Amino acid sequence: MIAEEQKYSEVRDFLDKEIVRLDALIKECRANIKVQGEDFNRDNPNGGMYSKMELTEIHYEMEKQMIYAEEAARDIQFYGKLRLAPYFAKVVFKPDGAGKEKTVYIGLRTLQDPDTFEMFVCDWRAPIASLFYDDFEDKAYFDAPRGRMYCDLLLKRQFKFGNGKLLYYVDSDLKIDDDILRDVLSSSSGEHLKVIVNSIQREQNKVIRYSDGENLLVCGPAGSGKTSVGFHRLAYLLYRNRTELASAEILMFSNNDIFSSYVADIIPELGEMPLNYASFYSIFAAEIPTIPTGDYYSLADDIINGNKDRLKSASFKMSEEFLNYLDVAAESVEPEFSDVKVYDKVIISKEKLYERFMEDTENSQKSRGERLAVYTQGVIDEFFVENRKELYVIADEDTAIDEDTSKILKRLRREVKGNAVEMIRNATVFDPVKIYFKVLKEFADENNFPELLYSAESLKKGFVEFEDALGIVYVKTVLGSGAVLTGVKHILIDEAQDLSFIQHRIIKRMFPRAKFTLLADTNQAIIPELNITDSEKLSEIYSAKTLRLNKSYRSTKQINSFALRLLDENDRYEIFEREGEEVKCRKGDFDGLCELTQQEGNNSKTLAIITKTSDDARKVYKNLKKHIEGLRLCDNKSCEMGNAPVVIPLSLTKGLEFDSVIVVDKNGSFTKEESKKFLYLASTRALHKLNIYSI
């Protein structure tokens, strides 16, 4: 223990020196910026004394100093946290062919003396760190830049720090010690997702370090760490592809702003710059800015409340079958051109424009229109050159004595070209809203499917339901007028099973250069009829390699066992056994629910009261808010996660976890046979305690 305490002291001293060095660097950068500004004002009192090149150089130098200072400030903040726990593991090994043992400490970031190059701590993402995470059946190895390096693994050691002190360490030659893992899992949940670098399991490590260049689909049950693993994988990719990938080029699709807030800190906690976050709703809302649109949660609530017509309509509109029909119909929309004329002479006929447009099958509708406009302008220029004398005579007859006929012809050519471009644009830039609803009505009439028009009535009120908004955005992508975002290089999609086929197709079209990491559990699909519950189909859409996590770590043995009984036999998974209290099933009124909430709130850092629908959540909140201090209601617009109890509908709980959960079973809304997967989803939000309360 003394030797390890000395090591900790040594690393902490190094961090203290680095913080002092970086603080001096910040002061130096700020001083340089001040001097540059004073020199500029002195030498250039009235402005205009410097050339553009000189001004650019001055601006570049000042901006560089500002970036240095900002980076140093971030490092100081990060090193301040590292002082409390600079590393979490240690491996001792003897490389093949070497006579001397080597010791490597593993932490969140590489700590190396810039002068002596002495390595104090190795980054958890470095190849050599896999000696800690992997379990080796035969000889240990790690994949170094020079190739696979074999070695004798002599020791794995895990450390536990607290309040700036080394509390204890545990040695294991085989795997990450279960006692350490139980200690990590037994802690309370908080406002944000946790970093798990000190407890990554072998199957999780395989996912994180997967780097064969393919898209990756990660399937696993609730509590298997999919979301944490997904973010740690992004941090690994940023480390491995430092010159090719930046945080700003990564996009994370979340279900809602609540979840985005919950996971926002994990990448900065791992020492990287923040990512970009977006919900799918924000994307299609931006694509139809002039019409208010519904969201997925309103649709889910409507269906959960028993609207069978909307379920039938929405499930078909989101299906692959309808998408293929929409594809063909949108591609088949034909433009109506007009003849391009001057002095009643046809320069290019509408038939020729149509023929030219239809021959250009390699591009989108929008691109075809733009190419046709360029072609038409060229034809107009040629016509005016080849028929100049005849046009001059016609123009001269209408020209006043004091007017220049040549100028008249030039102006006329500009007008003809401008009018032609406008005519082609109007003919080829189609209205996706009109096209979608026209196709929808035709399909409904042809197939005697009146339910498809269930939500179409909302358009008359200036509103588009979620399922129709998806179709409109998809039509835009087919026509080539939808957004194409080439600056995004990697996308993480959490709860990928909650997106429908059409949503995945839209994402693929919008982000043509992106690689994908998808996280899914088909047992957690809120509305299976709308979502993709077949992992093979999900893999096929993205041509993705599938890796599976088969063990759940989140909940106690008692909660996991309860949840497993709600699944079919072939959906069962392994559980990490951590003892806890038995699941309690109770029955009562709102007074009893209030008493239970107070009791659980006093004993748990985070508490969620989960209802099946938003309406139920509002009713529960209304009955409890006067008696429960700080009680909050979550809806699809806003919700702050914190330590006070929260009432939240099931659809907004995806990806979240709480110390204690109370599932409010109103009139059998969770306990009926057809609702058992809803109960599975609600139950697996609980870390330590679960109550099923029937009203």
Side-chain angles (χ1 to χ4, degrees), residues 283-284 287-288 290-291 293 313-340 348-376 420-459 464-484 500-512 540-541:
I283 281 191
F284 75 71
E287 286 293 282
I288 320 175
T290 58
I291 308 176
T293 55
S313 170
S315 60
F316 186 77
K317 288 174 183 176
M318 295 182 180
S319 70
E320 185 175 5
E321 180 184 350
F322 183 64
L323 193 66
N324 292 335
Y325 182 87
L326 203 56
D327 250 329
V328 174
E331 285 284 6
S332 302
V333 176
E334 296 184 351
E336 296 182 5
F337 297 109
S338 302
D339 292 336
V340 178
I348 182 168
S349 68
K350 59 186 178 183
E351 292 80 12
K352 179 64 177 176
L353 289 171
Y354 177 81
E355 179 185 346
R356 181 90 183 183
F357 180 83
M358 298 305 290
E359 286 176 351
D360 188 7
T361 57
E362 301 263 327
N363 298 282
S364 67
Q365 299 271 32
K366 182 181 178 183
S367 296
R368 290 158 69 186
E370 291 170 349
R371 288 161 63 88
L372 183 62
V374 172
Y375 165 77
T376 302
V421 169
E422 182 70 12
M423 179 269 294
I424 291 170
R425 192 193 71 80
N426 290 336
T428 57
V429 178
F430 306 113
D431 184 339
V433 178
K434 289 182 179 178
I435 291 173
Y436 170 76
F437 281 106
K438 180 174 180 289
V439 172
L440 187 67
K441 189 173 189 313
E442 289 173 355
F443 187 91
D445 292 343
E446 289 172 9
N447 295 275
N448 192 25
F449 200 162
E451 293 89 349
L452 279 186
L453 303 178
Y454 171 81
S455 57
E457 291 298 313
S458 62
L459 184 64
V464 175
E465 295 287 8
F466 178 81
E467 57 269 37
D468 293 315
L470 293 178
I472 293 167
V473 173
Y474 186 73
V475 168
K476 286 190 71 174
T477 69
V478 174
L479 298 176
S481 57
V484 178
S500 59
F501 188 89
I502 188 172
Q503 287 170 281
H504 285 293
R505 184 74 72 82
I506 289 171
I507 290 172
K508 285 277 289 177
R509 284 176 175 262
M510 277 190 172
F511 302 94
E540 179 187 315
I541 294 171

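Owing to the predicted nature of the structure, the values given are computational and were not obtained by experimental measurement. Excluded from the calculations below are hydrogen atoms, water molecules and symmetry mates; all remaining heavy atoms, backbone and side chain alike, are included. Start at 1 with the first residue, then count along the sequence.
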* **Close side-chain approach of Glu320 to Tyr325, heavy-atom, < 4.5 Å** => no
* Interatomic distance, Ile502 atom CD1 to Thr477 atom OG1 [nearest 0.5 angstrom] -> 8.0 Å
* Do Val439 and Tyr436 have side chains that get closer than 4.5 Å, going by heavy atoms? -> no
* **Check: Asp339 side chain, Lys350 main-chain N or O, donor-acceptor pair, under 3.5 Å** => yes
* To do: Start with the C-alpha gap between Ser455 and Lys317, add the side-chain angles, then the distance that decides, and say whether side chain to side chain donor-acceptor pair (under 3.5 Å) holds.
  => CA-CA 11 Å; Ser455 57; Lys317 288 174 183 176; 2.8 Å; yes
* Asked: Do Arg368 and Arg371 have side chains that get closer than 4.5 Å, going by heavy atoms?
  -> no
* Which heavy atom in Ile472 sits nearest to a heavy atom in Pro432, and how many Å separate them? -> O-CB, 3.9 Å
* Could you walk me through whether Asp468 and Phe437 pass the side-chain contact (heavy atoms from CB on, under 4.5 Å) test, one step at a time? => CA-CA 8 Å; Asp468 293 315; Phe437 281 106; 4.0 Å; yes
* Asked: Taking all atoms of both residues into account, what is the closest heavy-atom pair of Gly369 and Thr428, and its distance?
  -> CA-OG1, 3.6 Å
* Side chains of Phe466 and Thr293 in contact at under 4.5 Å (non-hydrogen atoms) -> no
* Asked: Hey, what do you get for OH (Tyr375) to NZ (Lys352), rounding to the nearest 0.5 Å?
  -> 4.5 Å
* Flag yes if more than 12 heavy atoms outside Lys508 fall under 6.0 Å of its NZ atom; otherwise flag no. => yes
* Hey, mind stepping through Ser500 and Gln503 against side chain to side chain donor-acceptor pair (under 3.5 Å) and telling me if it holds? -> CA-CA 5 Å; Ser500 59; Gln503 287 170 281; 2.9 Å; yes
* Asked: How long is the span from the OG atom in Ser313 to the CZ atom in Phe322, to the nearest 0.5 Å?
  -> 9.0 Å
* Minimum side-chain heavy-atom gap Leu326-Val478 below 4.5 Å -> no
I'd like a table of donor-acceptor pairs (distance under 3.5 Å, sequence neighbours excluded) in which one partner is a side-chain atom from residues 327-337, with atom names and distances.
unit_1	atom_1	unit_2	atom_2	d
Asp327	OD1	Tyr474	OH	3.0
Asp327	OD2	Tyr474	OH	2.8
Asp327	OD2	Arg505	NH1	3.4
Ser332	OG	Val328	O	2.6
Glu334	OE1	Tyr354	OH	3.1
Glu334	OE2	Tyr354	OH	2.9

* Asked: Strictly under 6.0 Å, is that where the ring centroids of Phe316 and Phe443 end up?
  -> yes
* Taking all non-hydrogen atoms of both residues, which atom of Leu452 and which atom of Leu440 are closest, and how far apart? -> O-CD2, 3.6 Å
* **Check: Leu353 and Ile348 side chains under 4.5 Å, non-hydrogen atoms** => yes
* To do: Nearest 0.5 Å please: distance from the NZ atom of Lys434 over to the CG atom of Leu459.
  => 10.5 Å
* salt bridge (Lys or Arg N to Asp or Glu O under 4.0 Å) evaluation trace for Lys441 with Asp445 -> CA-CA 6 Å; Lys441 189 173 189 313; Asp445 292 343; 2.9 Å; yes
* Structure fact -> The reported gap from OG in Ser458 to CD in Glu465 (rounded to nearest 0.5 angstrom) is 4.5 Å
* Asked: Under a 4.5 Å cut-off applied to non-hydrogen side-chain atoms, are Glu355 and Glu351 in contact?
  -> no
* Does some side-chain heavy atom of Val421 sit less than 4.5 Å from a side-chain heavy atom of Ile424? -> no
* Kindly compute the distance separating OG (Ser349) from CZ (Arg356), expressed to the nearest 0.5 Å. => 13.0 Å
* Is there a donor-acceptor contact under 3.5 Å from the side chain of Asn447 to the main chain of Phe449? -> no
* Measure across Val464 and Ala469 and return the closest heavy-atom pair with its distance rounded to 0.1 Å. => CG1-N, 3.4 Å
* Asked: With distance as the sole test, does Lys476 use its side chain to make a donor-acceptor pair with the main-chain N or O of Glu287 at under 3.5 Å?
  -> yes
